[in-house]
Colleague: 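Can you keep this structure in mind? I'll have questions shortly.
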Amino acid sequence: MNETPNTSTVVVTDTVRVRMAPSPTGFLHIGGARTALFNWLFAKHHNGTFILRIDDTDMARSTDESMHEIYTALQWLGLAWDEGGDKGGPYGPYVQSERKPIYDAYVTQLLETGNAYHCYCTPEELEEIRAQARADKQTRSYDGRCRELTSEAVNGFTAEGRKPTVRIKMPDTPILVDDLVLGSRNIDPATLEDEVIVRSNGMPNYNLTSIIDDAEMQITHVIRGTEHLNNTPKQIAIAHALGLEVPQFAHIPLVLDSSGRKMSKRHHGDLVAVNRYREQGYLPEAVLNFVARLGWSYDDKQEIFSVDELIEKFDLERVGKSGSVFDIKKLEWLNSHYINQLSISARTDAVIPFWQAEGLINSIEKRDWLENIVEAVGERLTTFQDIIPQTRYFFTDAFEYEPKAVKKWWGGSEEKREKTSEILTNLLQILEEVPSFDVETVETAIWKYTDENDIKRVAAMQALRIALTGTSFGPSLFDIVALLGRDEVLKRIPRAIAHL
RNA sequence: GCCGCUAUCGUCUAGGGGUUAGGACGGAUGGUUCUCAGCCAUCAAACCGGGGUUCGAAUCCCCGUAGCGGUACCA
């Protein structure tokens with residue numbers, strides 16, 4: 001293979017390379033999903049590469065289980081990564097705990113160039129220093145006291161058995177942070193302190209590994225949440241000390257809860273767990289559409305975006321600067337929209353697992369019947385899980401009559417109950433005599449009865465609905481009658497009458 | 001405490017020196033209908049405050065205020 005590098009050739013470094021770097025300390029949460037989406041969209045839009053890196057330097061909290069949950073969540077969302085994770089690639093390994101030798105080499109370099117030093121302070125001492133600094137209203141908590149330790153002092157600490165951490169020496173010149181979303185600003189070095197970059201157990205820390213890997217993996221744009229904004233100058237300082245190339249940064253606003261606080265696994269549990277949305281019957285396109293609009297907008301009219309449109313239209317320049325509140329109502333609206341886009345057949349496929357989990361069906365042999373049920377339910381699903389309350393009575397007659405519905409439609413008074421009983425008895429007779437149980441025949445017969453006897457349609461229908469389903473809401477009653485079939489219907493009406 | 005970021009209807013947002021400040025979710029009301037959902041129609045609902053700059057400020061600048069984020073040998 002003949003490779004003659006031509007200096008005038010445009011190089012691969014122009015290719016966008018972005019990464020999502022979760023730490024596997026729990027499930028993927030909704031904010032993480034949005035970070036992943038923005039990165040992925042940015043990569044797709046620019047024909048770039050999307051990398052999944054696992055930032056698991058916190059060995060104590062990282063788990064394999066969590067890592068796999070993150071994989072499945074990302075896969076469910078359809079945010080496929082080109083490199084990293086379980087997939088490998090040319091810049092691997094992509095799991096930080098496997099990259100320790102790489103970091104060690106950089107740390108050695110930092111130590112040898114005098115850009116880093118050992119710190120022998122104990123956690124207790126540090127605690128004290130912090131408390132004092134705070135009391136003195138200092139900007140920095142750590143004062144850099146270990147920068148110039150005599151070898152005597154070091155020997156003393158070593159003799160005590162102290163294991164040092166490594167700290168980076170922060171520069172004394174301003175650091176320029178240029179952010180694609182927030183704009184650029186100069187950070188006063190006086191606000192920066194010598195960060196710990198290697199723990200006393202030898203494991204490097206986030207601020208070190210992150211920027212090293214971004215450089216090593218040729219990341220061009222770091223798109224992450226604003227909770228990392230304060231880390232950025234520290235990472236830039238480390239990169240400078242190491243002579244590494246600094247990527248472009250884009251800090252995207254936080255996803256907030258309804259009281260305006262950052263959404264977290266700890267405080268919001270299932271509400272933020274992407275995998276829970278899958279389990280509850282949300283569609284990935286709805287979740288994606290929803291989080292895309294958190295902090296990003298295209299114009300003043302479009303709310304619904306297909307994934308392809310998102311790829312085409314996504315742009316960092318249209319990302320806002322302020323946090324966005326997570327509004328489940330809007331997600332629900334989007335979800336029902338996307339559910340309604342699905343064909344009856346696809347909707348049936350999606351809903352079958354929910355019926356099965358509920359124990360309502362164990363085989364799917366009556367596929368046509370199931371599809372007819374789904375069709376009758378129509379646009380009444382917000383999530384697939386809603387199929388249960390909407391259709392339970394099709395599969396079992398072991399349901400209660402809803403007290404509120406009973407009171408309203410069957411009657412609170414003795415008199416009204418008698419009337420209801422009479423109506424149901426008449427309806428029973430009509431249905432017994434009806435030649436066929438199709439929608440049209442039943443409808444004609446019932447309307448004939450109500451209209452000729454001057455009975456309100458609503459009264460008769462609701463009385464019957466409760467008798468057949470136990471509830472006061474749901475699909476067209478004629479659909480229900482037809483789908484339930486003659487035997488079931490003729491069984492349920494007498495039972496209701498007896499209950500009165 | 002310190003450092004930083006942000007600020008348009010309840011929420012997501014558009015706009016941005018001169019607009020009746022627009023859309024969407026949610027809410028309310030009416031219509032359609034056997035109920036619910038849907039659909040249709042209508043309505044309520046916002047430029048954080050104060051100073052500048054300007055003929056004119058929600059928009060630009062400054063100062064407040066508030067909220068949030070960070071402040072770890074977490075990420």
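So that the names make sense, note that chain A is the first sequence line, chain B the second, and so on, each numbered from 1. Since this is a predicted model, take the numbers as computed values, not measurements. Atoms considered below: every heavy atom in the structure, side chains included; atoms not considered: hydrogens, waters and symmetry mates.
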Colleague: Expressed in whole Å, how much space separates the P atoms belonging to B:rC3 and B:rG64?
Modeller: 13 Å

Colleague: B:rA24 and B:rC40: how far apart are their P atoms, nearest whole angstrom?
Modeller: 11 Å

Colleague: Would you kindly compare A:Arg185 and A:Arg199 by the position of their nearest RNA chain B nucleotide and give the one closer to the 5′ end?
Modeller: A:Arg185

Colleague: Can you tell me the base-pairing partner of B:rC74? Count Watson-Crick or G-U wobble geometry only, both distances below 3.5 Å, and say none if there is no partner.
Modeller: none

Colleague: When you compare B:rG22 with B:rA45, how far apart are their P atoms, in angstrom units rounded to a whole number?
Modeller: 12 Å

Colleague: Of the nucleotides B:rC34, B:rU6, B:rC12, which has the atom closest to the A:Lys321 side chain?
Modeller: B:rU6

Colleague: Salt bridge or not for A:Glu402 and A:Lys404, using N-O below 4.0 Å?
Modeller: no

Colleague: Of the options B:rG70, B:rG26, B:rC73, whose atoms approach the side-chain atoms of A:Asn205 most closely?
Modeller: B:rC73

Colleague: Phosphate oxygens OP1/OP2 of B:rC12: is one of them under 4.0 Å from a side-chain N or O of A:Arg293?
Modeller: no

Colleague: Less than 4.0 Å between a side-chain N and a carboxylate O, is that true for A:Asp214 and A:Arg19?
Modeller: yes

Colleague: For B:rA21 versus B:rG49, give the span between their P atoms, rounded off to a whole number of Å.
Modeller: 16 Å

Colleague: One pair to check against salt bridge (charged side-chain N to carboxylate O under 4.0 Å, His left out): A:Arg53 and A:Glu216. What are the steps and the verdict?
Modeller: CA-CA 12 Å; A:Arg53 188 177 78 211; A:Glu216 287 261 328; over 6 Å; no

Colleague: Taking the C1' atom in each of B:rC47 and B:rA58, what is the distance between them to the nearest angstrom?
Modeller: 4 Å

Colleague: Between B:rG38, B:rG1, B:rC73, spot the one nearest the side chain of A:Arg134, thanks.
Modeller: B:rG1

Colleague: How many Å lie between CG on A:Leu182 and P on B:rC5, as a whole number?
Modeller: 8 Å

Colleague: When you check the phosphate oxygens OP1 and OP2 of B:rC68, does a side-chain N or O of A:Thr226 lie under 4.0 Å from one of them?
Modeller: no

Colleague: Indicate, with a heavy-atom threshold strictly under 4.0 Å, whether A:Thr57 touches base, sugar-phosphate, or nothing.
Modeller: sugar-phosphate

Colleague: Output yes when at least one side-chain N/O atom of A:Lys262 is less than 4.0 Å from OP1 or OP2 of B:rG70, else no.
Modeller: yes

Colleague: Tell which nucleotide pairs with B:rU53, taking only Watson-Crick or G-U wobble pairs whose two distances are both under 3.5 angstrom.
Modeller: none

Colleague: If you check every side-chain atom of A:Phe478, which of B:rC12, B:rC25, B:rC34 has the closest atom?
Modeller: B:rC34

Colleague: Hey, can you tell me if A:Phe326 and A:Tyr277 have their rings parallel, tilted or perpendicular (30° and 60° cut-offs)?
Modeller: tilted

Colleague: Below 3.5 Å, does any donor atom in the side chain of A:Ser200 face an acceptor in the base of B:rC73, or the other way round?
Modeller: yes

Colleague: Classify A:Asn231 by what it touches in the nucleic acid, base, sugar-phosphate, or nothing, heavy-atom distance under 4.0 Å.
Modeller: base

Colleague: Would you say B:rG15 has OP1 or OP2 under 4.0 Å from some side-chain N or O of A:Arg318?
Modeller: yes

Colleague: Does A:Ser324 make a side-chain N or O approach to OP1 or OP2 of B:rU11 shorter than 4.0 Å?
Modeller: no

Colleague: Any salt bridge between A:Asp299 and A:Lys301, counting N to O under 4.0 Å?
Modeller: no

Colleague: Strictly by Watson-Crick or wobble contacts shorter than 3.5 Å, is anything paired with B:rU29, and which nucleotide is it?
Modeller: B:rA41

Colleague: Salt-bridge test for A:Asp451 and A:Arg457: reply yes if a basic N is under 4.0 Å from a carboxylate O, no otherwise.
Modeller: yes

Colleague: Please report whether the ring centroid of A:Trp355 lies less than 6.0 Å from that of A:Phe395.
Modeller: yes

Colleague: Calculate the interatomic distance between A:Glu227 atom CD and B:rA72 atom C1'; express it in whole Å.
Modeller: 16 Å

Colleague: Please give, in whole Å, the distance from B:rC12 P to A:Trp296 CH2?
Modeller: 17 Å

Colleague: May I ask you to say what A:Gly260 touches in the nucleic acid, namely base, sugar-phosphate or nothing, with a heavy-atom cut-off under 4.0 Å?
Modeller: sugar-phosphate

Colleague: Figure out the NE2/P separation between A:His267 and B:rC68, and round it to whole Å.
Modeller: 12 Å

Colleague: Looking at B:rC73, B:rG1, B:rG38, which one has an atom nearest to any side-chain atom of A:Pro123?
Modeller: B:rC73

Colleague: Rounding to the closest angstrom, what is the interatomic distance between B:rA37 and B:rA44 at atom C1'?
Modeller: 24 Å

Colleague: Which nucleotide in the list B:rU11, B:rG38, B:rG69 gets nearest to the side chain of A:Leu254?
Modeller: B:rG69

Colleague: Out of B:rA24, B:rC73, B:rG4, which has the shortest distance to the side chain of A:Leu229?
Modeller: B:rG4

Colleague: Rounded to the Å, how far apart are A:Phe290 CZ and B:rU11 P?
Modeller: 14 Å

Colleague: Take the angle between the ring planes of A:Trp410 and A:His499 and call it parallel below 30°, perpendicular above 60°, tilted in between.
Modeller: tilted

Colleague: Taking for each residue the nucleotide of RNA chain B bearing the nearest heavy atom, is the 5' side occupied by A:Asn207 or by A:Arg380?
Modeller: A:Arg380

Colleague: What integer distance in Å separates A:Ile304:CD1 from B:rG23:C1'?
Modeller: 13 Å

Colleague: A:Ser297 side chain N/O closer than 4.0 Å to the phosphate oxygens (OP1, OP2) of B:rA14?
Modeller: yes

Colleague: Between A:Gln341 and A:Glu285, does a side-chain hydrogen bond (donor to acceptor under 3.5 Å, both in side chains) hold up when you go through it step by step?
Modeller: CA-CA 11 Å; A:Gln341 298 287 99; A:Glu285 27 299 51; over 6 Å; no

Colleague: Of the listed nucleotides (B:rG10, B:rC34, B:rG69), which one gets closest to any side-chain atom of A:Asp327?
Modeller: B:rG10

Colleague: Who does B:rG4 pair with, Watson-Crick or G-U, both distances under 3.5 Å?
Modeller: B:rC68

Colleague: Charged N to carboxylate O below 4.0 Å: is that the case for A:Lys330 and A:Asp327?
Modeller: no

Colleague: As a test of reading the structure: which of B:rG23, B:rU13, B:rC34 is closest to the side chain of A:Glu303, going by heavy atoms?
Modeller: B:rG23

Colleague: Whole angstrom is fine here: how far is it from CZ in A:Arg457 over to P in B:rC36?
Modeller: 16 Å

Colleague: Should A:Arg130 be listed as having a side-chain N or O under 4.0 Å from OP1 or OP2 of B:rA72?
Modeller: yes

Colleague: Expressed as a whole number of Å, how far does the C1' atom of B:rA46 sit from that of B:rU8?
Modeller: 6 Å

Colleague: Base, sugar-phosphate alone, or nothing: which one does A:Pro475 contact when heavy atoms must sit under 4.0 Å apart?
Modeller: base

Colleague: Tell me the interatomic distance from A:His228, atom NE2, to B:rC68, atom C1', rounded to whole angstroms.
Modeller: 16 Å

Colleague: Let's test your reading of the model: under 3.5 Å, does the base of B:rA75 pair with the side chain of A:Asp56 as donor and acceptor?
Modeller: no

Colleague: Name the nucleic acid region contacted by A:Cys119, choosing base, sugar-phosphate or nothing; use a 4.0 angstrom heavy-atom cut-off, strictly under.
Modeller: nothing

Colleague: Which base sits across from B:rA14 as a Watson-Crick or G-U pair, both distances under 3.5 Å?
Modeller: none

Colleague: Using a heavy-atom cut-off of under 4.0 Å over every strand shown, decide if A:Ser322 touches base, sugar-phosphate, or nothing.
Modeller: sugar-phosphate

Colleague: Tell me the partner of B:rU35, counting only Watson-Crick (N1-N3 plus N6-O4 or O6-N4) or G-U wobble (N1-O2 and O6-N3) with both under 3.5 Å; none if nothing fits.
Modeller: none

Colleague: Considering only side-chain heavy atoms of A:Ser23, which listed nucleotide, B:rU13, B:rA75, B:rG4, is closest?
Modeller: B:rA75

Colleague: Heavy atoms under 4.0 Å, any strand shown: does A:Gly295 hit a base, just sugar-phosphate, or nothing?
Modeller: sugar-phosphate

